[in-house]
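Worksheet: the structure to be examined is printed underneath.
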Amino acid sequence: TAHADAVCTVTLHPPEGKPPTLDPAVMDAFDGVLTDIEARAPELSAVVLQSASPKFFCAGANVNVLATINRDTVASWVESGHRLMNRIETLPMPVIARVEGYALGGGLELAMACDLIFASCNGKFGQTETKLGFVTGWGGSYRLVRRVGLARAKELAFSGRIFDADEAVRLGVAEWSGTPEALALHLREFLAAAAANSRVANREMKRLLASCLSTGLAENVALESAASPRCLG
């Protein structure tokens with residue numbers, strides 16, 4: 001993690017010659033990073049999640065883990081991934097996935113746990129679990145439907161196809177795509193805009209917007225009424 005200008009950047013470092021993947025050791029380390037971020041929340045305006053590899057954002061779950069799990073233990077592996085993704089999703093500040101290269105399977109689930117996905121034009125996306133005989137295990141089904149709609153999520157999951165960054169934006173999987181240079185500029189501009197705003201207001205807006213997926217307008221009155229005094233305070 002690196003802290004600068006109230007932004008925490010979390011970088012996935014792949015093993016030598018291999019893409020970044022998620023295994024229990026990496027996920028435990030990630031949990032420690034999230035604990036640090038949560039403790040620093042009042043001073044942070046945003047979090048950026050990225051990879052040190054220009055070719056892979058994250059290739060998903062480490063397939064070597066599959067050799068260590070069975071019918072009795074796979075549920076706990078799924079649950080641990082859900083806990084990690086949920087912690088990312090509920091961080092009390094904007095979280096941006098900076099995707100360069102491949103975000104596949106669990107790597108796409110990781111990106112979708114962030115609030116926003118900004119992608120390089122070399123970005124490649126895919127909900128590819130069915131190609132390996134699996135289903136999404138870390139909330140991909142839930143979050144993909146909310147990004148692209150039920151029918152499109154079915155098309156992407158049943159085929160397991162890989163699609164580029166431009167299509168990701170058109171589908172709603174990602175919010176922005178461009179050249180690596182343009183991506184760096186766009187990210188800087190967004191982070192500057194977020195940092196210029198009230199951190200309390202952004203935190204409250206994040207909670208409000210998330211609640212709108214499961215509440216009605218009448219409930220929204222109560223939620224906005226409760227959030228407003230916290231902002232005034």
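Everything numeric here is computed off the predicted structure, so don't read it as measured data.
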Distance-only donor-acceptor check, side chains T136 and E129, under 3.5 Å
no
Could you walk me through whether V95 and I88 satisfy the side-chain contact (heavy atoms from CB on, under 4.5 Å) test, starting with their C-alpha distance in whole Å, then the side-chain angles of each, then the deciding distance to 0.1 Å, before giving a yes or no?
CA-CA 8 Å; V95 182; I88 294 169; 4.2 Å; yes
Ion pair R170/D166, N-O distance below 4.0 Å:
no
Here's a test for you: under side chain to side chain contact (heavy atoms under 4.5 Å, CB included), which of K154, R146, R152 qualifies with L150?
K154
Same cluster or not: Y142 versus V78, using hydrophobic residues (I, L, V, M, F, W, Y) connected whenever any side-chain heavy atoms lie under 4.5 Å apart?
no
Test item: S45 side-chain N/O and A6 main-chain N/O as donor-acceptor pair under 3.5 Å
yes
Can a donor-acceptor pair be found between the side chains of R161 and T128 at a distance below 3.5 Å?
no
Side-chain (T179) to main-chain (A182) donor-acceptor, under 3.5 angstrom:
yes
Heavy-atom distance under 4.5 Å between the side chains of P180 and E100, does that happen here?
yes
Is the side chain of S177 donor-acceptor paired with the backbone N or O of S120 at a distance under 3.5 Å, no angle test?
no
Do you reckon L34 sits in the same ILVMFWY cluster as M112, going by side-chain contacts under 4.5 Å, direct or chained?
yes
Side chains of F57 and L49: closer than 4.5 Å at any heavy-atom pair?
yes
Could you check whether any side-chain N or O of T68 sits under 3.5 Å from a backbone N or O of N64, counting only pairs where one atom can act as donor and the other as acceptor?
no
Does the side chain of V169 reach to within under 4.5 Å of the side chain of I117, using non-hydrogen atoms?
no
Run V65 and T21 through side-chain contact (heavy atoms from CB on, under 4.5 Å) and show every step you take.
CA-CA 10 Å; V65 174; T21 57; over 6 Å; no
Ring centres of H82 and W138 under 6.0 Å apart?
no
Between G137 and E109 the two heavy atoms that sit nearest each other are N-OE2, 3.3 Å
I would like to know whether N62 and L22 meet side-chain contact (heavy atoms from CB on, under 4.5 Å); could you show each step before the answer?
CA-CA 5 Å; N62 190 323; L22 297 176; over 6 Å; no
Starting from V10, can I reach M27 by hopping between I/L/V/M/F/W/Y residues whose side chains sit under 4.5 Å apart?
yes
Considering all heavy atoms of both residues, which atom of L108 and which atom of V173 are nearest to each other, and what is their separation?
CD1-CG1, 3.9 Å
Separation between OG (S228) and CG (L232), nearest 0.5 Å, reads 6.5 Å
Plane angle bin for F125 and F163 - parallel if under 30°, tilted between 30 and 60°, otherwise perpendicular:
parallel
Counting neighbours of CZ on F56 that are heavy atoms of other residues, nucleotides or ligands and sit closer than 6.0 Å, is the number greater than 12?
yes
Is there a side-chain contact between M85 and R143, using heavy atoms and a 4.5 Å cut-off?
yes
Looking at side-chain heavy atoms only, is the closest gap between R87 and D31 below 4.5 Å?
yes
With no hydrogens and no angle check, is any side-chain donor or acceptor of T73 less than 3.5 Å from a backbone partner on N70?
yes
Treating R98 as the side-chain partner and L187 as the backbone partner, does any N or O pair qualify as donor plus acceptor under 3.5 Å?
no
R230 side chain near R207 side chain, heavy-atom distance below 4.5 Å:
yes
Taking all atoms of both residues into account, what is the closest heavy-atom pair of G105 and Q127, and its distance?
O-NE2, 3.3 Å
Does I162 belong to the same Ile/Leu/Val/Met/Phe/Trp/Tyr cluster as V148, with side-chain heavy atoms less than 4.5 Å apart forming each link?
no
Donor-acceptor check, side chain of K206 to backbone of A201, threshold 3.5 angstrom: yes or no?
no
Establish, yes or no, whether a centroid distance under 6.0 Å links the rings of F190 and F118.
yes
